[in-house]
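Order of the sequence lines sets the chain letters (A, B, ...), proteins ahead of strands, with each chain counted from 1.
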There are 2 protein chains.
Amino acid sequence: MPVGLEVDDMKKLDEVVATRRQVKQGQMLFSNGDAFTSLYAIRTGFFKTCIANEDGREQVTGFQMAGEIIGLDGIVTDQHSCNAVALEDAEVCVMPFSNVEELSREFPVLQRHVHKVMSREIVRENGMMMMLGNMRAEERLAAFLLNLVQRLHARGFSQSEMILRMTREEIGSYLGLKLETISRTFSKLSDDGIIEVKQRYVKILAPDELKKIFNPQSCQTCI
Amino acid sequence: MPVGLEVDDMKKLDEVVATRRQVKQGQMLFSNGDAFTSLYAIRTGFFKTCIANEDGREQVTGFQMAGEIIGLDGIVTDQHSCNAVALEDAEVCVMPFSNVEELSREFPVLQRHVHKVMSREIVRENGMMMMLGNMRAEERLAAFLLNLVQRLHARGFSQSEMILRMTREEIGSYLGLKLETISRTFSKLSDDGIIEVKQRYVKILAPDELKKIFNPQSCQTCI
DNA sequence: AAAAGTCCTTGATATAAATCAAATGATTAG
DNA sequence: CTAATCATTTGATTTATATCAAGGACTTTT
């Protein structure tokens, strides 16, 4: 994944991702309390990570798709502190963390890459704190849809259409809202002609309007 | 900071933290957009990190005290994405990140330490998402106070008393609440005899009651 | 094809926290 | 020492979202 490596070096790096693992829809890649041994690079499929309170309340902490890394939560205590659930059949590369660390010492470019992956996750979660602490339901959903479609587009999919892999309840949990609020907000955006929604299918009809909801200042067409 | 090093190794590590920097109360150690060059280990003082929306809304993303590391947000883009503001006169060790990376390659124990620091921050932010997404005002403030006093106690301070370094507004921003709600919740906890509050001074009178509010299940004395 | 189970939508009502407002208490500047 | 500013508390009211409830749509099972 990191660039700037020689062919021979690449072979060494391949060792780190030698083994793969299939995860069926609904199954867990790892769960809270599991011993931490490896990071996982998602090859195909779609995951959610979530944590649960003692009194049963659940918080989805992220949705991850192909090319993204999960498992970073386990490093600090050598135990995972969240559950990683496949929302569709998935395949991951298992990257034993001791290998990752060993090769990071050998290849500065890999080391830098690992650091960036972790920093990116910290910055993402900072943004989530802003969402959860300051934004209204419509803003949260707009930001969520824009982020999702942008990540899908970066993987070669449409920049306006998508099939959601998660339920309204899971979106709600991620955004700190109840499923009814998610549903109502979808309906509102649909009534306003900004998106088209049919169950899990979402089409963004007016991306600039959506951006304006998320962030009134930064809209391209309304300056 | 990491353990398991020889004396000679320690000297090398000292190089990484050779320079120090004073930050006066109210001043910024770094701010959004600044080039990222270094991590900072807080020697003395107290910081907040915060991000600001384009439309002026501010989210405090963390409070940091002696022994903690700030600046990890800058790694991913080589630019800082938040502001770090000293809430009291502070001194930090400047750790040029290139040195940190270089020495990490040489000393696996340091490498592991850096990874744990980053993972800890990810896990902390996961917990904040749970707070902001699922908990009521009283639970958030209880969790906040317990966390703060626990960190202070780990540094040799009282396990029941503390002087807050931040305003009600900053606590509110961190917890996704308005300052009036923080004030009312302080008053409620005080009326219930769980804490004593006099402006910035807080004394925890009934720690188990506070834990029960934060997490009804995990209380020691109520099983 | 019918039944059962999810998931989703929508309406009516309740509620926690926000907002607006004013007074009080602390801290800083002159 | 006094004025001025800033931080905090408290009350009254509003509001966004949660909760409760019911029906509808889609999916899976039999």
Residues A/Lys48, A/Glu58; criterion salt bridge (charged side-chain N to carboxylate O under 4.0 Å, His left out); working and verdict: CA-CA 12 Å; A/Lys48 70 169 177 181; A/Glu58 186 178 282; 3.6 Å; yes
Are the side chains of [X] and [Y] in touch, meaning some heavy atoms are under 4.5 Å apart?
X        : Y        : result
A/Leu87  : A/Glu170 : yes
A/Phe214 : A/Arg140 : no
B/Thr49  : B/Val60  : no

Given C/dT10, C/dC8, D/dT8, the nucleotide with the shortest approach to the side chain of A/Arg168: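 Between C/dT10, C/dC8, D/dT8, the one nearest the side chain of A/Arg168 would be C/dC8.
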Five-pair end axes of the helix from C/dA1-D/dT30 to C/dG30-D/dC1, angle between them (10°):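 Taking five pairs per end, the axes differ by 50°.
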For B/His80, the option from B/Asp73, B/Asn32, B/Thr37 that meets side chain to side chain donor-acceptor pair (under 3.5 Å): B/Asp73
How many Å lie between [atom1] on [X] and [atom2] on [N], as a whole number?
X        : N      : atom1 : atom2 : answer
B/Ile171 : D/dA7  : CD1   : C1'   : 12 Å
B/Tyr201 : C/dG25 : OH    : C1'   : 19 Å
A/Phe186 : C/dC7  : CZ    : P     : 15 Å
B/Met166 : D/dT8  : CE    : P     : 11 Å
B/Leu132 : C/dA17 : CG    : C1'   : 14 Å
A/Glu169 : C/dG5  : CD    : P     : 18 Å

Sub-3.5 Å pairs of nitrogen or oxygen atoms, protein against nucleotides 16-21 of chain D:
| from | atom 1 | to | atom 2 | distance (Å) |
| --- | --- | --- | --- | --- |
| D/dT17 | OP1 | A/Ala137 | N | 2.7 |
| D/dA18 | OP1 | A/Lys178 | N | 3.3 |
| D/dA18 | OP2 | A/Lys178 | N | 3.2 |
| D/dA18 | OP2 | A/Thr181 | OG1 | 2.3 |
| D/dT19 | O4 | A/Arg184 | NH2 | 2.8 |
| D/dC20 | N4 | A/Glu180 | OE2 | 3.3 |

A/Ile51 to A/Ser81 - nearest heavy-atom pair and separation: CG2-O, 3.3 Å
Sugar-phosphate only, base, or nothing, as touched by A/Lys198 at under 4.0 Å among non-hydrogen atoms: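 Since only primed, P, OP1 and OP2 atoms lie under 4.0 Å of A/Lys198, the category is sugar-phosphate.
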Short side-chain to backbone donor-acceptor contact, B/Arg155 and B/Ala66, under 3.5 Å: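 Pair found, side chain donor or acceptor close to backbone of B/Ala66.
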Any A/Thr167 side-chain N or O less than 4.0 Å from OP1/OP2 of C/dT6: no
Under 4.0 angstrom between B/Ser187 side-chain N/O and D/dT10 OP1 or OP2: yes
B/Ser173 versus B/Gln59, side-chain donor and acceptor atoms under 3.5 Å: no
Proximity of B/Tyr174 and B/Phe63 rings by center, below 6.0 Å: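 So the answer is yes for these two rings.
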